[in-house]
Asker: 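Got a structure here, written out as structure tokens. Questions coming.
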Amino acid sequence: MLVYPSAIDLSSSSLLYLTRHLSAHRKRIGSRWRRLPAGRQALLAFAHLRCGDTYAQLAVAFRIGIATVYRYVREAVDILAALAPTLADAVRTAKAKAFVILDGTLLSIDRIAGDRHYYSGKHKRHGMNVQVIADPLGRLIWTSPALPGAVHDIKAARTHNIIDALTEAGIRTWADKGYQGARGTIRVPYRGRWSTLPAGKRAVNSSHAKIRAAGEQANATLKNWRLLRKLRCSTTRITDIVTAVLALQLAASA
């Protein structure tokens, strides 16, 4: 197999962050010897998460077995996922913001037509629904556990208790039409076609859309991690992968 050098568009501080936590984990469990040092394991995990490199590609690049690659990646993801904030942590962070943006994103997965509960009628493809809370500048604050793509945004938000948590904390939240009926502190645009709405409601919807557009930046930030553009792993692992990415993004912006 041919091998060539590549680059990962992440800072060295992100590598040091994961390396530090991997080293602490190895010391905690008393791991005496590994095929790769902690720094190389961190690099391997980044190559998988950021670049979407497969286990087979990584096995060749790092000169280890595919099973070892799987264990190393899973270990790194589990460590990072444990560092990600909970919803309660996110609400405390959001209290310091003028407002937050709530949005849902669909992470594509490789499923067959028969898996209807993973099929999103809105996006016309199979995937997992992830709820995202972002600050006014579109920076990630929190991501929810992943639910099958057939679940609508309003149902997902209620399932994760997002609406109640934000409302009880009195946090003003902007969301799209997918959250109609949420009430509380959730602000959604007026329903109806643009051409049939009165001028006042059209002006409100236009202003609302401009504010909410920053939420798309948070979704794009997630999908800059190429693995999240088309997930081929077990759906039970997707929540941990997304929260691992969240932990890295928050560490990089700290």
Side-chain angles (χ1 to χ4, degrees), residues 10 14 17-18 21 45-46 48-50 52 74 76-97 99-109 118 120 122-123 127-149 151-166 169 171 173-176 178-179 182 186 212-231 233-254:
L10 292 172
S14 296
Y17 174 79
L18 180 52
H21 284 287
F46 283 160
H48 181 63
L49 294 171
R50 188 70 174 184
R74 179 159 187 155
V77 166
D78 289 346
I79 289 170
L80 289 169
L83 297 170
T86 63
L87 178 57
D89 296 329
V91 168
R92 284 193 289 272
T93 300
K95 283 183 178 179
K97 310 294 182 181
F99 61 88
V100 297
I101 301 162
L102 174 63
D103 198 6
T105 188
L106 188 80
L107 302 179
S108 295
I109 60 174
Y118 292 113
S120 169
K122 175 182 177 181
H123 298 279
M128 299 293 284
N129 180 306
V130 173
Q131 298 294 296
V132 176
I133 297 176
D135 72 7
L137 297 178
R139 294 174 300 200
L140 285 168
I141 294 177
W142 182 76
T143 57
S144 75
L147 292 175
V151 177
H152 296 292
D153 284 337
I154 182 64
K155 182 177 180 180
R158 286 171 173 159
T159 299
H160 301 309
N161 201 39
I162 299 170
I163 297 169
D164 288 343
L166 293 172
I171 300 168
T173 306
W174 266 250
D176 63 23
Y179 298 88
I186 312 299
R212 192 172 46 79
E216 296 299 327
Q217 181 179 330
N219 292 338
T221 297
L222 281 180
K223 292 177 182 178
N224 277 340
W225 297 76
R226 293 171 185 82
L227 184 68
L228 297 183
R229 296 177 187 175
K230 184 73 172 183
L231 288 154
C233 61
S234 168
T235 55
T236 61
R237 293 292 299 162
I238 292 175
T239 293
D240 284 342
I241 291 171
V242 174
T243 50
V245 168
L246 171 65
L248 287 169
Q249 283 292 147
L250 293 178
S253 61

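The model shown is predicted, which means the values in this text are computed figures rather than measured ones. Atom set for the values below is all heavy atoms of this structure, side chains included, hydrogens, waters and symmetry mates excluded.
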Asker: Give the minimum heavy-atom separation between Gln131 and Gly104, together with the two atoms involved.
Answerer: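 What the structure gives for the nearest pair is NE2-CA, 3.7 Å.
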Asker: Under 4.5 Å between any side-chain heavy atoms of Asp78 and Arg237, yes or no?
Answerer: yes
Asker: Would you please name every residue forming a side chain to side chain contact (heavy atoms under 4.5 Å, CB included) with Ala244, sequence neighbours left out?
Answerer: Val77, Leu80
Asker: Applying side-chain hydrogen bond (donor to acceptor under 3.5 Å, both in side chains), name anything that partners Arg74, two or more places apart in sequence or on another chain.
Answerer: Tyr70
Asker: Mind checking what makes ring pair (Phe, Tyr, Trp, His ring centres under 6.0 Å) contact with His152, not counting sequence neighbours?
Answerer: none
Asker: With sequence neighbours left out, what residues match Ala94 under side chain to side chain contact (heavy atoms under 4.5 Å, CB included)?
Answerer: Val100, Ile171
Asker: Grab the two heavy atoms, one from Ile154 and one from Ala182, that are nearest each other, plus how far apart they are.
Answerer: CD1-CB, 3.8 Å
Asker: Applying ring pair (Phe, Tyr, Trp, His ring centres under 6.0 Å), can you list everything that pairs with Phe46, at least two apart in sequence or on another chain?
Answerer: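 Residues passing ring pair (Phe, Tyr, Trp, His ring centres under 6.0 Å) with Phe46: none at all.
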Asker: Considering all heavy atoms of both residues, which atom of Ala214 and which atom of Pro136 are nearest to each other, and what is their separation?
Answerer: CB-O, 3.6 Å
Asker: Just to verify, what does Arg212 make a side-chain hydrogen bond (donor to acceptor under 3.5 Å, both in side chains) with, not counting sequence neighbours?
Answerer: none
Asker: If you round to the nearest 0.5 Å, how far is OG1 of Thr143 from CD1 of Ile141?
Answerer: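 The CD1 atom of Ile141 sits 11.5 Å away from the OG1 atom of Thr143.
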Asker: Is the ring pair Phe99/Trp174 parallel, tilted or perpendicular, if the boundaries are 30 and 60 degrees?
Answerer: tilted
Asker: Please answer whether the main-chain N or O of Val151 pairs with a side-chain N or O of Asn129 as donor and acceptor at a distance below 3.5 Å.
Answerer: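 A pair under 3.5 Å: yes.
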Asker: Taking side chain to side chain contact (heavy atoms under 4.5 Å, CB included) as the definition, give me every residue that meets it alongside Ile238, ordered by chain and number, with sequence neighbours left out.
Answerer: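 Here the qualifying residues are Leu107, Ile109, Met128, Ala146, Leu231, Cys233, Thr235, Val242.
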Asker: Which residues pass the side chain to side chain contact (heavy atoms under 4.5 Å, CB included) test with Ala81, not counting sequence neighbours?
Answerer: Asp240, Thr243
Asker: Name all residues meeting the salt bridge (charged side-chain N to carboxylate O under 4.0 Å, His left out) criterion together with Arg92; count only those two or more places apart in sequence or in a different chain, and write none if there are none.
Answerer: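 Partners of Arg92 under the salt bridge (charged side-chain N to carboxylate O under 4.0 Å, His left out) test: Asp89.
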Asker: What closest approach, in Å, do Thr105 and Lys223 show between heavy atoms, and which atom pair accounts for it?
Answerer: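 Closest approach of Thr105 to Lys223, heavy atoms only: OG1-NZ, 3.0 Å.
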Asker: Please report the shortest heavy-atom distance between His160 and Pro145, naming the atom on each side.
Answerer: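 It is NE2-O, 3.2 Å.
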Asker: Rounded to the nearest 0.5 Å, how far does CG of Leu228 lie from CD1 of Ile241?
Answerer: 7.0 Å
Asker: Would you sort out whether Asn224 and Arg50 count as a side chain to side chain contact (heavy atoms under 4.5 Å, CB included), showing the intermediate values?
Answerer: CA-CA 7 Å; Asn224 277 340; Arg50 188 70 174 184; 4.0 Å; yes
Asker: Are Leu87 and Ile133 close enough that some pair of their side-chain heavy atoms sits under 4.5 Å apart?
Answerer: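 The answer is yes; the side chains approach within 4.5 Å.
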Asker: Please say whether more than 12 non-hydrogen atoms of neighbouring residues, nucleotides or ligands are located less than 6.0 Å from NZ in Lys95.
Answerer: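 Open: at most 12 neighbouring heavy atoms sit under 6.0 Å from NZ of Lys95.
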Asker: Name all pairs fulfilling the salt bridge (charged side-chain N to carboxylate O under 4.0 Å, His left out) condition that reach into residues 138-149, sequence neighbours left out, sorted by first residue then second.
Answerer: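 Residue pairs with at least one partner in residues 138-149: Asp135-Arg139.
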Asker: Less than 3.5 Å apart, which donor and acceptor atoms pair up between the side chains of residues 245-253 and the rest of the protein, not counting sequence neighbours?
Answerer:
{"residue": "Gln249", "atom": "OE1", "partner": "Trp225", "partner atom": "NE1", "Å": "2.8"}
{"residue": "Ser253", "atom": "OG", "partner": "Gln249", "partner atom": "O", "Å": "3.2"}
{"residue": "Ser253", "atom": "OG", "partner": "Leu250", "partner atom": "O", "Å": "3.2"}

Asker: Residues in side-chain hydrogen bond (donor to acceptor under 3.5 Å, both in side chains) with Lys155, at least two apart?
Answerer: none
Asker: Could you measure the distance from the CG atom of Leu147 to the OG1 atom of Thr159? Nearest 0.5 Å is fine.
Answerer: 6.0 Å
Asker: With rounding to the nearest 0.5 Å, note down the distance linking OH in Tyr179 to CD1 in Ile163.
Answerer: 8.0 Å
